[in-house]
Each structure stands twice: as C-alpha cells, then as structure tokens.
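For reference, positions follow the sequence shown, starting with 1.
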Amino acid sequence: MDSLSLPSLNSLKISRYNVRRDQISTLLGRTNYVKSYPNCSPKLRHPSHPAAIRMMAADGEDYELKQVRDMAAARKRWDAMIREGKVKVLTPREAGYAIQLSNKDLLDVRPSTERKKAWVKGSTWIPIFDVDNKLDAGILSRKVTNFVMGGWWSGAPILSYDKQFLSEIEKKFPKDMDLIVACQKGLRSLAACELLHNAGYRNIFWVQGGFEAAEEEDLVAEGPQALKFAGIGGVSEFLGWTDQQRAAAAKEGWGYRLLFSARLVGVILVADALFFGAQQFGHYLQDIRSH
C-alpha cells in the first residue's frame with residue numbers, strides 16, 4: 001500500500017481553468033449581487049469587515065446589468081488568481097485521489113439544500129452562502145420574485161452570504177495546510193478561494209466544475225442522492241428535465257425515462273382535472289345566480 005501514496009498536490013496535473021457562461025445565474029442570480037469598492041483593492045467584502053463579502057439588495061431596473069458587471073469583474077479576478085498560481089486547479093478525479101490516498105481535507109462550501117442531498121465522505125461543510133430563512137418584508141418579497149422568475153422550475157432558493165464563513169474556517173484549518181475547496185458547479189467555491197487567499201491561505205486547490213462534473217467513481221459520496229444531482233430541484237427535477245437527468249437517462253435506458261414520462265402524464269392529468277373542475281364550478285355558480 002505504501003506504493004500507492006499520492007504525490008503532493010502541487011505536483012498534480014493542473015487542468016485548464018474554465019467556467020461556463022450559464023453558471024453566472026447560479027452564483028449571482030439567486031443571491032444579492034457582490035459590490036466592489038472603487039477605493040479598495042478588488043476583493044469580495046462585507047460591510048462590517050474589510051476582508052469579507054458585501055451583499056446588496058436587488059432593486060431598480062438595472063439589477064441585471066449590475067449582475068453582469070459584477071460577475072465580469074469577479075471573472076477577471078478569478079482568471080488572474082488561477083493564472084498567477086494563487087489557487088491551483090484539480091479535476092474531481094484528482095481531488096478524489098488526493099482525499100483518498102493522502103487524506104487531504106475537502107472544504108464543501110455549498111448551501112444546506114445541496115449538502116443534505118449528497119456529500120463527500122469525510123468532508124468539512126462550511127457554506128459561503130446559505131438559505132436565507134428570515135421572514136422580514138424584504139426577504140419575503142425577494143422569495144416571491146425568485147419563485148415567479150423561475151424558482152418554481154429550478155428549485156433554487158434565496159441565498160445570503162454567511163458572515164461566519166471565514167471565522168469558522170480559521171477555527172478548523174491552519175493557514176499553511178493544503179485545502180481543497182469545492183461546491184456544486186464551481187463558482188461559489190471560486191469566490192471562497194478568493195476570500196481564503198485574501199485571508200492568508202496559500203495552499204488552496206479548487207475543484208474545477210464542482211461536484212456536478214464528478215463521475216460516480218471520482219469521489220466517495222454519501223447521502224440519499226447521487227452527488228451530481230444535489231444541485232437540481234423544483235419541477236424540472238420532478239419531471240426529469242435537467243441536463244444531469246437527461247445524461248443519466250441516456251446511460252440507464254428506457255426504464256429511467258419511463259419513470260419521468262409517467263410523472264409528466266400524471267401532471268397533465270391533474271392539470272386537466274383541475275381545469276375541468278374549475279369549469280364545472282363556474283357553471284354551478286352561474287346556475288345559482290340565475291335562480
């Protein structure tokens with residue numbers, strides 16, 4: 001078994017850094033946008049601490065433009081961070097080798113909604129963003145808007161930055177250790193890597209593509225669902241219309257497709273029944289008024 005020892009993480013093959021455009025809404029579309037300060041170095045910040053993240057409320061017609069602008073600025077910083085070697089890149093398989101053979105620590109920064117579905121065995125969970133359960137008027141308004149604008153389909157909740165993120169990490173991990181950082185798709189973990197580097201961590205490794213890019217054999221996973229399915233939800237998951245489920249259906253065959261086809265038929269029948277019932281109820285009310 002000694003011959004199976006893994007070399008240091010710095011000697012592992014570094015994959016080309018790449019983040020898809022369609023992941024932008026995953027990081028910013030369901031959270032408040034990240035604001036950068038013109039008189040400070042370009043880093044993510046929190047209003048009460050100079051090295052944290054500031055989240056701003058979504059208002060005004062230019063909110064989408066602010067999202068795009070802030071994401072573009074973040075992408076430039078992250079590109080430079082990878083290019084300059086401040087953060088090393090690992091594929092999910094390389095991360096799995098490092099965890100299993102060298103007992104490297106994996107930091108899972110996903111929100112609780114994803115963590116409870118599936119997780120990597122032995123990983124440490126400290127979310128950078130988590131579900132906002134406050135019930136004030138502003139949050140309720142954002143939740144309604146989120147639901148109407150697609151939350152019902154994707155199941156994506158409203159998230160807020162966890163102010164205890166850095167302090168919790170500093171309690172658990174010394175700054176000179178190798179630390180592998182991962183999330184579901186790879187964007188939130190990049191934001192976490194930037195925060196960690198700014199806080200003094202120098203041996204940071206980012207899992208490219210996140211858990212969604214991992215094959216079943218890459219990482220030892222636990223939980224009620226497959227690791228790559230932990231980020232899906234809503235009606236799209238119920239009907240099997242997500243990219244992950246379509247890829248699984250292509251492998252599993254007709255049996256897998258029949259399950260979701262049956263669900264779709266059931267939804268159509270229920271919708272027809274409700275429509276017919278509403279019509280009958282309307283006729284009933286008209287009869288009562290006419291008499």
Side-chain angles (χ1 to χ4, degrees), residues 18-32 34 67 71 74-75 78 89-93 95-96 99 106-121 123-133 142-143 146-147 149-162 165 180-193 206-252 256 259-260 263:
N18 181 33
V19 179
R20 301 193 311 268
R21 255 179 221 279
D22 61 4
Q23 294 176 354
I24 290 178
S25 61
T26 304
L27 178 65
L28 295 177
R30 298 294 179 260
T31 63
N32 302 321
V34 179
Q67 283 188 322
M71 191 62 202
R75 286 283 298 275
W78 296 340
V89 183
L90 299 176
T91 65
R93 179 162 297 181
I99 295 165
L106 175 68
L107 174 62
D108 183 348
V109 299
R110 297 176 300 162
S112 55
T113 51
E114 296 173 2
R115 172 75 180 190
K116 68 182 181 182
K117 294 179 181 179
W119 58 90
V120 174
K121 184 178 180 180
S123 61
T124 299
W125 176 57
I126 304 176
I128 183 172
F129 299 102
D130 208 354
V131 179
D132 197 327
N133 292 317
R142 286 172 52 208
K143 287 184 177 181
N146 174 65
F147 181 82
M149 296 299 292
W152 63 275
W153 176 256
S154 67
I158 289 290
L159 303 177
S160 292
Y161 172 67
D162 186 348
F165 176 69
I180 304 172
V181 186
C183 65
Q184 193 64 29
K185 293 191 176 185
L187 279 181
R188 296 185 184 110
S189 52
L190 267 178
C193 286
W206 170 61
V207 179
Q208 182 183 28
F211 296 141
E212 190 172 295
E215 299 300 330
E216 187 175 349
E217 65 274 11
D218 292 344
L219 297 159
V220 179
E222 298 178 325
Q225 294 188 13
L227 195 59
K228 65 167 49 188
F229 292 161
I232 62 178
V235 175
S236 61
E237 179 187 18
F238 179 78
L239 296 178
W241 285 358
T242 65
D243 293 338
Q244 298 90 326
Q245 290 169 308
R246 288 172 180 167
K251 293 181 180 179
E252 298 293 335
Y256 192 87
L259 171 64
F260 295 106
R263 289 183 178 180

Glu215: partners by side-chain contact (heavy atoms from CB on, under 4.5 Å), with sequence neighbours left out: Glu217, Asp218, Lys228, Lys251
Spatial distance of atom CZ (Arg188) from atom CG (Asp108) [nearest 0.5 Å]: 11.5 Å
With sequence neighbours excluded, residues passing side-chain contact (heavy atoms from CB on, under 4.5 Å) with Val131: Ser112, Thr113, Asn133, Pro157, Leu159
Nearest-0.5 Å distance that lies between atom CH2 in Trp206 and atom CG in Leu107: 15.0 Å
Heavy-atom pair with the smallest gap, counting every atom of Ala214 and Leu219: CB-CD1, 4.0 Å
Gln208 side, atom CD; Arg93 side, atom CZ - distance, nearest 0.5 Å: 14.0 Å
Nearest heavy atoms of Val109 and Cys183, plus distance in Å: CG2-CB, 3.8 Å
Pro224 to Trp119 - nearest heavy-atom pair and separation: CD-CZ3, 4.3 Å
Distance (rounded to the nearest 0.5 Å) between Trp125 CH2 and Asp130 CG: 5.0 Å
Partner set under side-chain contact (heavy atoms from CB on, under 4.5 Å) for Ala221, not counting sequence neighbours: Leu227
Spacing of Ile180 atom CD1 and Ile99 atom CD1 [to the nearest 0.5 Å]: 4.5 Å
Contact summary for Cys193 and Val181, nearest pair of heavy atoms: SG-CB, 3.8 Å
Nearest non-hydrogen partners of Leu106 and Ala182, listed with the distance: CD1-CB, 3.8 Å
Residues forming a side-chain contact (heavy atoms from CB on, under 4.5 Å) with Lys121, sequence neighbours excluded: Val220, Glu222
Distance, nearest 0.5 Å, that separates CZ of Arg110 from CZ of Phe211: 5.0 Å
Nearest heavy-atom neighbours spanning Trp78 and Met71: CZ3-CE, 3.5 Å
